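Here the structure is laid out as structure tokens; the discussion comes afterwards.
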Amino acid sequence: MVAALRVQDCLPSTRVSCVSSAPIRPRARTAANQKRAAIFLRKESPFLFFAGQNHHSPTFCRLRALGVRCRRRVAWGRGMARGVAAAVSALGVVAVLLTAAAAKVCTNTFPSSDSVATHAERAAGQLRLPAGLAGRGHGHGHAHEQHLTPTDESAWMELMPRRLLGGGGGGTPPRVAFDWLMLYRKLRGGAAAVDGPAGPFLWEASLHDVRLQPGTLYWQAQQTNLEYLLLLDTDRLVWSFRTQAGLTATGTPYGGWEGPNVELRGHFVGHYLSATAKMWASTHNDTLRAKMSSVVDVLNDCQKKMGTGYLSAFPSEFFDRTEALTTVWAPYYTIHKIMQGLLDQYTVAGNSKALEMVVGMANYFSDRVKNVIQKYSIERHWASLNEETGGMNDVLYQLYTIMDDLKHLTLAHLFDKPCFLGLLAVQADSISGFHSNTHIPVVIGAQMRYEVTGDALYKQIATSFMDMINSSHSYATGGTSAGEFWADPKCLAATLSTENAESCTTYNMLKVSRNLFRWTKEIAYADYYERALINGVLSIQRGTDPGVMIYMLPQAPGRSKAVSYHGWGTKYDSFWCCYGTGIESFSKLGDSIYFEEKGDTPALSIIQYIPSTFNWKTAGVTVTQQLEPLSSSDMNFRVSLSVSGKTNGQSATLNVRIPTWTSASGAKATLNDKDLGSVTPGSLLSVTKQWSSNDHLSLQFPVALRTEAIKDDRPEYASLQAILFGPFVLAGLSSGDWDAKTGSAVSDWITAVPSSHNSQLMTFTQESSGKTFVLSSSNGSLTMQERPAVDGTDTAVHATFRVHPQDAARLHGTYGAALKDTSVQIEPFDMPGTVITNDLTLSAQKSAGSFFNIVPGLDGKPNSVSLELGTKPGCFLVSGADYSAGTKIQVS
């Protein structure tokens, strides 16, 4: 049979090289900070721990003499040793207050379990168990070490009555009233209830006022996500909620982590509420608004039917197990998603019904926590937090700002995981072995506490945490975690695998950095946001396929997203935690571009360069941001900002970020074509004037290749480098290790690929015996192989070619019918610079014998082509009839 082939876009085949990241400057550990941290530990936590200290070290002996029990359970990194040594003087104050007591864990060990399990492991265990047995155990474990936490029971039990007393009848003592105000004041050591909000901070621009520019990469990612949100069936989403409430459920439930026998069910619905609220604000899509409102209505019916304020897709018995310290899969994690989703429906989409529902849930869980404290002890409540609780503190602090109910403030504080925040307060890098995405949301909640109460310790905690992650625990993409856990500081080389940089952690680290920038306007935080957004968020979608995302972002050399443990997810049967954060991320791409400062002279800070428009209502103008397309051969990254409207006699300030990855030499800023003088990387450039429609601000940032070493201070790994181009981490298609030319510029050993090549990548397919095959070049021969079920594999790489025409005038738009009657050379994607010859060999010599004529398919079918030898008209590449995988291509 004569080969009649279909021309397709190339099969995606990106791989990722080893990576690292740039540090944010460390903060000084002042005596005042250490003292403040000691107060934090005394007032707010019954937990004090040191992980990894040697039993015979001076530090350990000093603590033991003070009555604090320490055990060596994790390996030390250099940063950890320095951090604890610096904190000893502060913690000594706390140690004197504590008496030796039975140790409790501040760890990721789940109650009644001997192993530490990831989300992935627990999901796998539940999805393969028979109905009714889900969640009663898990089949995998990790040898992560526990962080032991001595506590002082009696000191904390003075805060309130420890147990419920009798009801007052028959000579039984009366029940003691539970006073949230008393509890809050005693948690704070008798201080006033609330110090008052911190600030002033930068105001985030409303998503309602930001629009992404159509046709751009960010807009495409947003639209792909919008398509997915519209595809999801709301009846299937709420199926388990209706069933749990005793209402009639329509249709069938979704699978994956939303399956009816999976204990985490309902978490994605919470994310869906947040994502749709933000997507509607970003697009004002009426169909989406109707869908999200219908979900809120159904959940409201479910909550009313249950009648207690409780709302979930699983029974409240899960919380009985939590409070009994027995195994259950993170029920508070899911509750946080639902509460946050409803709160976003109120704050972003204006649905007042959703606020009433959140308040009802907060009241229900206030009662549960109160009962645990009264029946057992406050320590029992702290112990129950050794499960993943999401951002319960965060959402409750947000609710407090709306309702001004001290009960919400106190309940939020009770979800501030003190054994983790305590070590951050003393700036000790002892986070190795902790489950990353359990604890990052706790830090975000601590940030909200700082904003609500003005307690500067929580600012210090967040700052210390960000410095710690960025200097010792992050990859070049900005992501963090290996197999969902943190490794030892500055020991990342051994962690490189397919299971790095969980998408959820990147989503949450963006929140941490965003808040820190709002507080400080430090460019390092905006630079981090840019790096993580570009490399760690945009990369998790598979092109324009709606609902196809990844869980982890592989960092090991030669690894592919497609062949990681999870691989690419599916639209209706994955619903991993990273699917939830994924749909949120792509719904709010416009939320960190613009920040406002209000006052007599309003100011607008533009910190991300994303093509968009912003309706700056405070100043009465619209700001439009455009970017020139950037290609590998470009020397400059160019941005233009234009203004429409007038400020009506009022001056306003535009602050624009000058990124640290650029250089002062060649950096340039002009206002209406007038040079603004020197531009300093790592700063904000400010322009204050009365703006009008003719104003135009242009920015030019030199961009170049550079390398960054991985975060590993062991000399043998010093050569492990990531390659970046401006803020972009480059991925290398490679089948092995490559030695860079040390002592030379990166540009000396990497050649830029012209942008025109992007439109020349394609795959040839053919149908045979009911199967689809692809033309493949591997091991020096041309064969037909079955089309890979998953993009990004070696088979996909071998089936991708650069097809470039002899006529240079036809370099652009060479797809489909435009290729017919064209003389082309065919270059295997993984062997740049070589071409397929008419003898079916590979050659680096591009001669007349390396051209093929693309002619209409000899099978007569539309949109098919045949490959004719340029040196032998009438001879074609053929595969034969009814062939199988591996059949070699011949000439006939």
Side-chain angles (χ1 to χ4, degrees), residues 14 16 19-22 24 202 204-205 207 210-213 216-225 274-275 278-279 282 437 440 444 466 469-470 474-481 500-518 522-543 549-550 552-553 555 561 578 580-595 605-612 614 625 627 630 637 639 656-657 659-662 701 703 708 722 724-731:
T14 301
V16 179
V19 291
S20 71
S21 180
I24 289 177
L202 295 179
E204 57 192 54
L207 286 171
V210 179
R211 289 295 177 267
L212 303 184
Q213 181 179 316
T216 62
L217 177 65
Y218 290 91
W219 178 85
Q220 177 181 287
Q222 182 191 71
Q223 293 301 304
T224 300
N225 192 51
S274 291
K278 294 171 184 178
M279 181 64 83
S282 299
N437 206 52
I440 303 173
I444 297 169
M466 187 71 198
I469 294 296
N470 212 45
S474 63
Y475 304 104
T477 58
T480 187
S481 78
N500 299 119
E502 182 188 358
S503 299
C504 289
T505 65
T506 303
Y507 160 89
N508 280 312
M509 287 304 300
L510 285 173
K511 289 187 176 183
V512 175
S513 64
R514 182 175 185 263
N515 287 335
L516 288 168
F517 177 79
R518 288 176 46 243
E522 290 189 22
I523 297 302
Y525 300 127
D527 283 343
Y528 173 88
Y529 197 100
E530 176 185 55
R531 179 189 292 244
L533 178 65
I534 290 173
N535 302 292
V537 173
L538 294 182
S539 60
I540 71 172
Q541 273 185 337
R542 191 175 70 180
M549 293 178 281
I550 58 171
M552 300 285 192
L553 186 61
Q555 304 292 296
K561 300 174 189 177
C578 296
T581 53
I583 61 172
E584 284 195 52
S585 291
F586 292 109
S587 294
K588 62 184 187 71
L589 291 172
D591 79 342
S592 295
I593 307 172
Y594 306 97
F595 291 92
S605 294
I606 302 174
I607 69 163
Q608 299 302 325
Y609 295 116
I610 297 175
S612 57
F614 173 56
Q625 179 183 165
L627 274 63
L630 184 68
F637 181 87
V639 182
V656 294
R657 176 177 64 101
T660 54
W661 50 256
T662 192
F701 304 136
V703 59
E708 286 185 4
L724 295 93
F725 183 63
F728 304 95
V729 179
L730 302 186

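Please read these numbers as outputs of a predicted model, since none were measured by experiment.
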Is the side chain of N500 donor-acceptor paired with the backbone N or O of L553 at a distance under 3.5 Å, no angle test?
no

Report the relative orientation of the aromatic rings in F701 and F637; use parallel for angles under 30°, tilted for 30 to 60°, perpendicular for over 60°.
parallel

Are the side chain of K278 and the backbone N or O of D591 linked by a donor-acceptor pair below 3.5 Å?
no

Nearest heavy-atom neighbours spanning P727 and I534
CG-CD1, 3.9 Å

Is there a donor-acceptor contact under 3.5 Å from the side chain of D527 to the main chain of T660?
yes

Taking all heavy atoms of G478 and all of Y528, pick out the closest pair and write down the distance.
O-OH, 2.7 Å

Tell me the closest heavy-atom pair linking F595 and E204, and the distance in Å.
CD2-CA, 3.7 Å

With sequence neighbours left out, what residues match N535 under side-chain contact (heavy atoms from CB on, under 4.5 Å)?
T477, R531, V729

Check: P659 main-chain N/O paired with T662 side-chain donor or acceptor under 3.5 Å
no

Tell me whether Q625 contacts the main-chain N or O of I610 through its side chain, where contact means a donor paired with an acceptor under 3.5 Å.
yes

To the nearest 0.5 Å, tell me how far Q541 CD sits from S503 OG.
11.0 Å

Are K588 and L207 close enough that some pair of their side-chain heavy atoms sits under 4.5 Å apart?
yes

Any chance you could measure S513, atom OG, to N470, atom CG, to the nearest 0.5 Å?
9.0 Å

With heavy-atom distances below 4.5 Å as the criterion, would you say the side chains of M279 and I583 are in contact?
no

Side-chain contact, heavy-atom cut-off 4.5 Å: L202 with F517?
yes

Nearest atoms (heavy-atom pairs only) where C578 meets E502:
SG-CG, 3.6 Å

Y609 (side chain) donor-acceptor with R657 (main chain) under 3.5 angstrom
yes

Any side-chain to backbone donor/acceptor pair from N508 onto C504? Under 3.5 Å, distance only.
yes

Under a 4.5 Å cut-off applied to non-hydrogen side-chain atoms, are N515 and Y525 in contact?
no

From Q220 CD over to F586 CZ, what is the distance, rounded to the nearest 0.5 angstrom?
10.5 Å

Got L538 and Y218 here, is their nearest side-chain heavy-atom distance under 4.5 Å?
yes

Looking at side-chain heavy atoms only, is the closest gap between N225 and S587 below 4.5 Å?
yes

Over all heavy atoms of both residues, which pair between S592 and I607 is shortest? Give the atoms and the distance, please.
O-CG1, 3.4 Å

Distance in Å, R542 CZ paired with T224 OG1, rounded so as to fall on 0.5 Å steps:
12.0 Å

Quick one: CD1 on I440 to OG1 on T480, what's the gap to the nearest 0.5 Å?
6.0 Å

Is a side-chain N or O of Q222 found less than 3.5 angstrom from the main chain of L212, in a donor-acceptor match?
no

Side-chain heavy atoms of F614 within contact of I606, under 4.5 Å:
no

Please check: side-chain N/O of Y507 versus main-chain N/O of G582, any donor-acceptor pairing under 3.5 Å?
no

The test is side-chain contact (heavy atoms from CB on, under 4.5 Å); show your working for L516 and E522 and say whether it passes.
CA-CA 8 Å; L516 288 168; E522 290 189 22; over 6 Å; no

In short, R211 meets S282 closest at the heavy-atom pair NH1-O, 3.1 Å

Hey, are the side chains of S474 and M509 touching, using non-hydrogen atoms and a 4.5 Å cut-off?
no

